[in-house]
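Okay, structure first, notes after.
The figures here come from the full heavy-atom set of this structure, side chains too, leaving out hydrogens, waters and symmetry mates. In this text the structure is predicted, and so the values were computed from the model without any measurement.
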Amino acid sequence: MIGLKSTLNCIDNSGALIVECVNILKNKVTNGWGSVGDEIVVVVQKARPVSAAAQASVNAVKVRRGDVRRAVIVRTRKLVRRPDGSYIRFDDNAAVLLNNKREMLGTRIGGIVSSDLRLKGWGKIVSLAPRVV
């Protein structure tokens, strides 16, 4: 359950390391709490440093500190109940940054993601992840 001011690790290669949730973009059914697969608006709190040489290259960092972006939640510390009755909980909260077309900003995923993403329409993220639980 991700709420306002929650911090999440960014597990893609967009350049962001830590992001902070400022809005949950979904129906107001859960009173402003986001779960795995929900789209949120985040502010980049910590980003990878950029050197002058790397800034001119093709693989330039796509985000900077203070940027406001959309993201999708891929892991939460809160227990999530699955349809088969099992529960799953991760060690941290994590997200993947998106552009305005709801496409991934990065090209790689650097960690485990929840398989619930496939059911919510985020198959591209699941296919790029090294491990799905």
Side-chain angles (χ1 to χ4, degrees):
M1 298 206 358
I2 305 297
L4 298 182
K5 304 294 280 182
S6 296
T7 58
L8 302 95
N9 295 329
C10 188
I11 62 167
D12 59 6
N13 64 343
S14 61
L17 297 175
I18 296 175
V19 295
E20 179 182 299
C21 175
V22 293
N23 193 10
I24 292 97
L25 299 174
K26 64 178 219 173
N27 310 7
K28 299 301 180 187
V29 176
T30 57
N31 296 325
W33 295 102
S35 187
V36 172
D38 291 336
E39 201 172 336
I40 58 176
V41 178
V42 297
V43 175
V44 177
Q45 293 294 329
K46 188 175 182 185
R48 286 193 189 90
V50 183
S51 65
Q55 198 168 12
S57 72
V58 176
N59 295 330
V61 175
K62 298 173 179 72
V63 295
R64 296 174 184 257
R65 185 179 182 278
D67 282 359
V68 178
R69 297 281 180 169
R70 290 183 177 212
V72 61
I73 302 169
V74 295
R75 292 195 303 246
T76 59
R77 281 190 53 84
K78 176 71 177 167
L79 278 173
V80 176
R81 186 176 188 276
R82 292 201 166 150
D84 64 354
S86 63
Y87 290 90
I88 186 156
R89 176 173 62 198
F90 294 96
D91 289 338
D92 65 342
N93 297 321
V96 172
L97 295 184
L98 306 172
N99 63 12
N100 292 335
K101 298 177 187 173
R102 294 184 63 185
E103 299 166 346
M104 286 181 45
L105 207 56
T107 55
R108 291 183 175 181
I109 303 280
I112 299 171
V113 299
S114 175
S115 62
D116 300 335
L117 289 170
R118 186 175 277 122
L119 301 173
K120 299 211 177 168
W122 298 104
K124 171 84 178 199
I125 295 173
V126 174
S127 66
L128 287 175
R131 185 147 181 231
V132 181
V133 179

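A pairwise comparison of heavy atoms in A16 and L97 identifies CB-CD1, 3.8 Å as the closest pair. Residues E39 and R102 approach most closely at OE1-NE, 3.2 Å, considering heavy atoms. When every heavy atom of T76 is checked against every heavy atom of N93, the shortest pair comes out as CA-OD1, 3.3 Å. The two residues R69 and K62 make their nearest non-hydrogen contact at NH2-O, 3.5 Å. In plain terms, the two heavy atoms of G111 and P130 that are nearest each other are O-CD, 3.4 Å.
Atom CD of Q45 is separated from atom CG of D67 by 11.5 Å, given to the nearest 0.5 angstrom. Summarising the geometry, atom CZ belonging to R75 is positioned 14.0 Å from atom CG belonging to D116; distances are rounded to the nearest 0.5 Å. Rounded to the nearest 0.5 Å, atoms NZ (K46) and CZ (R65) are 11.0 Å apart. Rounding to the nearest 0.5 angstrom, the gap separating the CG atom in L79 from the CD1 atom in I88 is 9.5 Å.
Within the 4.5 Å cutoff, the side chain of M104 has no heavy atoms near those of the V72 side chain. By the 4.5 Å heavy-atom criterion applied to side chains, V68 and V41 are counted as neighbours. At least one side-chain heavy atom of R48 sits under 4.5 Å from a side-chain heavy atom of L17. L8 is listed as a side-chain neighbour of I40, based on a closest heavy-atom distance under 4.5 Å. Side-chain atoms of V113 and I11, non-hydrogen and from C-beta on, do get closer than 4.5 Å to each other. Contact annotation: the side chain of R82 approaches that of S114 to within less than 4.5 Å [non-hydrogen atoms, C-beta and beyond].
Shown here is K124, whose NZ atom has no more than 12 heavy atoms of other residues, nucleotides or ligands within 6.0 Å. Residue R81 qualifies as enclosed at atom CZ: its count of foreign heavy atoms under 6.0 Å is above 12.
Across V126, V132, I125, V74, a single residue satisfies side-chain contact (heavy atoms from CB on, under 4.5 Å) together with I109, and that is I125. Applying side-chain contact (heavy atoms from CB on, under 4.5 Å) to S35 and the options V80, I73, I24 leaves one that passes, V80.
For the residue pair N13 / T107, a side-chain donor-acceptor distance below 3.5 Å is found, with atom types taken as modelled.
Hydrophobic clustering (side-chain heavy atoms under 4.5 Å, transitive across Ile, Leu, Val, Met, Phe, Trp, Tyr) keeps I2 apart from F90. Residues V96 and L105 fall into different hydrophobic clusters, defined by Ile, Leu, Val, Met, Phe, Trp and Tyr side chains chained together at heavy-atom separations under 4.5 Å. W122 and L128 fall within a single hydrophobic cluster, where Ile, Leu, Val, Met, Phe, Trp and Tyr side chains are chained together by heavy-atom contacts under 4.5 Å. Under the 4.5 Å side-chain heavy-atom criterion for grouping Ile, Leu, Val, Met, Phe, Trp and Tyr, L4 is not connected to I18 through any hydrophobic cluster.
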